[in-house]
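Predicted model only: the values in this text are computed from it and were never measured. A, B, ... follow the sequence lines: proteins, then strands. Residue 1 opens every chain.
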Number of protein chains: 2
Amino acid sequence: MTPRTPGWVLGVDSGGSGLRFVLVRLYGDATVREIAATAADAPVRTGAGGIDADHLLALLRPAVEAAMADTGADRLSAAAIGAAGMASLGTALRERLPAALHTAFGVPPGRLALAADAVTAYVGALGMRPGAVVAAGTGMVAIGTGLGDSGWLRADGWGHLLGDCGGGAWIGRCGLEAAMRAHDGREGGSSPLLARVKAVFGPPAELPGKLYPRNDRAAVLASFAPEVARCADADPVAADILRTAARHILQAAAAVRRDHGGEVALTGGLFRMGEPLLAPLRHQAKKYLPGVRLTAPEGDPLHGAVRIAEELAGGALPLPVDPALLTLH
Amino acid sequence: MTPRTPGWVLGVDSGGSGLRFVLVRLYGDATVREIAATAADAPVRTGAGGIDADHLLALLRPAVEAAMADTGADRLSAAAIGAAGMASLGTALRERLPAALHTAFGVPPGRLALAADAVTAYVGALGMRPGAVVAAGTGMVAIGTGLGDSGWLRADGWGHLLGDCGGGAWIGRCGLEAAMRAHDGREGGSSPLLARVKAVFGPPAELPGKLYPRNDRAAVLASFAPEVARCADADPVAADILRTAARHILQAAAAVRRDHGGEVALTGGLFRMGEPLLAPLRHQAKKYLPGVRLTAPEGDPLHGAVRIAEELAGGALPLPVDPALLTLH
């Protein structure tokens with residue numbers, strides 16, 4: 001880590017489950033985590049213009065101001081905001097947040113980072129080491145870098161209709177499809193998964209009416225992924241879904257590896273599924289990621305945002321900047 | 001066909017592309033198609049309560065009244081309305097349409113049929129013969145019956161997130177996923193499909209922002225299916241997508257066949273794709289539908305609705321009634 005001056009830094013994670021932040025105090029080499037707080041339990045709004053910068057500010061600013069007042073922080077030496085959708089829907093954030101945060105919290109120019117959640121996931125998992133990270137929850141994205149000016153490589157993360165192959169919504173959708181096949185008497189169906197559909201959602205024929213009108217369809221699909229894991233031990237259809245999910249995950253990791261060392265970290269809620277997914281990941285890693293160690297993450301994306309802010313406070317960020325993935329302001 | 005009395009009958013098809021109807025005059029054994037008209041070019045609205053009966057009536061009633069005035073029809077001997085979503089979203093239609101149509105057009109009690117679009121597709125394709133029909137466009141559903149009191153068997157038709165396997169949205173989604181794999185450098189990608197994505201949608205990284213905010217996402221996915229067909233001759237990934245689609249279609253047909261004779265009709269816009277899909281269908285039919293002839297449909301779902309109304313005017317409908325698929329009022 002680069003040398004640092006004392007001061008306060010802010011890390012923010014804006015994701016599907018809400019808006020969280022951590023305020024830390026730096027003393028030379030030590031970091032003291034002073035306050036970790038939730039600014040909102042629901043996601044920041046997204047409209048036709050992308051992520052709503054005013055909504056994010058309205059949620060974040062009073063909560064951070066209160067935290068700074070509590071701890072006696074008068075200004076921030078650096079801040080990093082990681083947001084889901086930053087890469088494709090972050091235009092308004094990049095246009096409006098910098099001036100607002102410089103004014104509100106005294107963040108000096110060049111010490112504010114706006115990052116895609118894939119980048120904060122990467123840093124949360126690997127810190128400032130080169131390598132590759134797979135971040136998987138409802139979705140799935142792989143990201144890798146050799147640091148410095150090597151740039152970022154990204155694979156998948158295209159959402160539940162274009163990819164996110166092997167993520168929670170993907171696994172859940174495959175499980176629901178196999179259940180409906182069994183319901184219809186089509187080949188390739190799974191009776192155990194059909195039984196789980198009945199237990200979780202009720203009559204299978206009513207499932208379309210429950211799913212399609214909702215706005216959080218990907219989350220509904222992902223909610224069935226643990227049921228697939230639960231069935232995998234005894235049901236070959238469920239086991240095959242997870243084996244295929246593991247293959248997709250490993251293929252995405254392979255696409256972002258270049259020659260960034262022998263480590264791929266697996267981060268995100270999907271991997272809490274445990275052995276039903278981890279076993280086929282380990283088994284097929286020999287084929288798709290020869291010579292690579294699959295590792296657990298050091299921390300989560302919020303931890304990654306704080307880590308980026310700490311580096312910025314020290315004056316130098318060893319990560320590649322990128323117009324979609326990581327910008328400094 | 002059962003003997004018929006002279007009179008006027010109405011057939012209606014309510015689908016994704018709009019609301020169409022045909023008014024025909026019966027003379028003993030002859031049927032004269034008097035007026036075929038479009039009542040609306042956009043689909044009937046669907047709300048939290050299902051298909052909006054008031055909206056359908058507001059579109060249909062003045063158009064049919066004008067057609068009846070033009071032809072001198074004073075009342076209808078029978079009517080049949082086929083609607084997409086009738087099975088899962090047709091509660092309001094079944095509650096509100098019968099009284100309105102009896103009053104407005106003088107349809108006698110018992111001579112109004114409300115049918116799922118799968119049933120009108122079936123009758124349009126096979127008439128009153130037993131058998132099985134696959135109806136495929138954006139979606140895909142298979143339906144079969146032995147007539148009389150044998151009931152209906154239905155397979156798939158669960159929509160683009162739960163099935164419709166092998167339909168237009170399914171094929172398009174697989175094609176887009178293969179394109180994004182090539183974009184990322186993941187295994188299993190298709191460069192020809194990636195080139196088509198660039199030509200049709202522009203920069204691949206901007207595709208999520210163009211797709212997810214739309215309400216007609218399944219139609220957007222399906223719009224890419226012809227590109228998959230176009231690539232299938234030279235691209236093994238595209239060919240494999242269509243081979244798998246054909247397998248799903250045949251498996252759905254097999255699930256609804258029981259022993260309903262040796263014919264499965266393929267109806268709907270998907271099959272206009274031609275040889276890229278029809279060749280793998282014929283090739284795999286030997287395995288999944290041994291002894292079965294795949295046939296072209298006699299007519300479309302609107303033709304099927306008229307045919308149902310004609311049978312009702314004769315006093316007896318040889319099709320099984322079913323609370324979700326076909327009700328008489």
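Looking at P213(A), neither its backbone nor its side chain comes within 4.5 Å of chain B, counting heavy atoms on both sides. If you measure heavy-atom distances from L162(A) to chain B, the contacts under 4.5 Å come from both the backbone and the side chain. Contacts between L161(B) and chain A at a heavy-atom distance below 4.5 Å involve backbone atoms as well as side-chain atoms. Only the side chain of C165(A) has a heavy atom closer than 4.5 Å to any heavy atom of chain B. With a threshold of 4.5 angstrom between heavy atoms, A254(B) does not approach chain A through any atom at all. For chain B, the nearby part of L221(A) is the side chain; its heavy atoms alone come within less than 4.5 Å.
Closest of all the heavy-atom pairs between W158(A) and P208(B) is CE3-CG, 3.6 Å. Minimum heavy-atom separation, H160(A) to Y212(B): N-OH, 3.2 Å.
Note on G85(B), G209(B), A169(B), A205(B): by heavy-atom pairs under 4.5 Å with chain A, the leading option is A205(B). Among the candidates C174(B), P204(B), G159(B), A142(B), the residue making the largest number of heavy-atom pairs closer than 4.5 Å to chain A is G159(B). Of the listed residues (L207(A), T46(A), D156(A)), the one with the most heavy-atom contacts under 4.5 Å to chain B is D156(A). Among the candidates A253(A), A255(A), G188(A), the residue making the largest number of heavy-atom pairs closer than 4.5 Å to chain B is A255(A). Comparing R154(B), H248(B), R247(B), E206(B) by how many heavy-atom pairs each has under 4.5 Å with chain A, the most go to H248(B).
Within residues 175-186 of chain B, the residues having any heavy atom less than 4.5 Å from a heavy atom of chain A are, in residue-number order, L176(B), E177(B), M180(B), R181(B), H183(B), D184(B), G185(B), R186(B).
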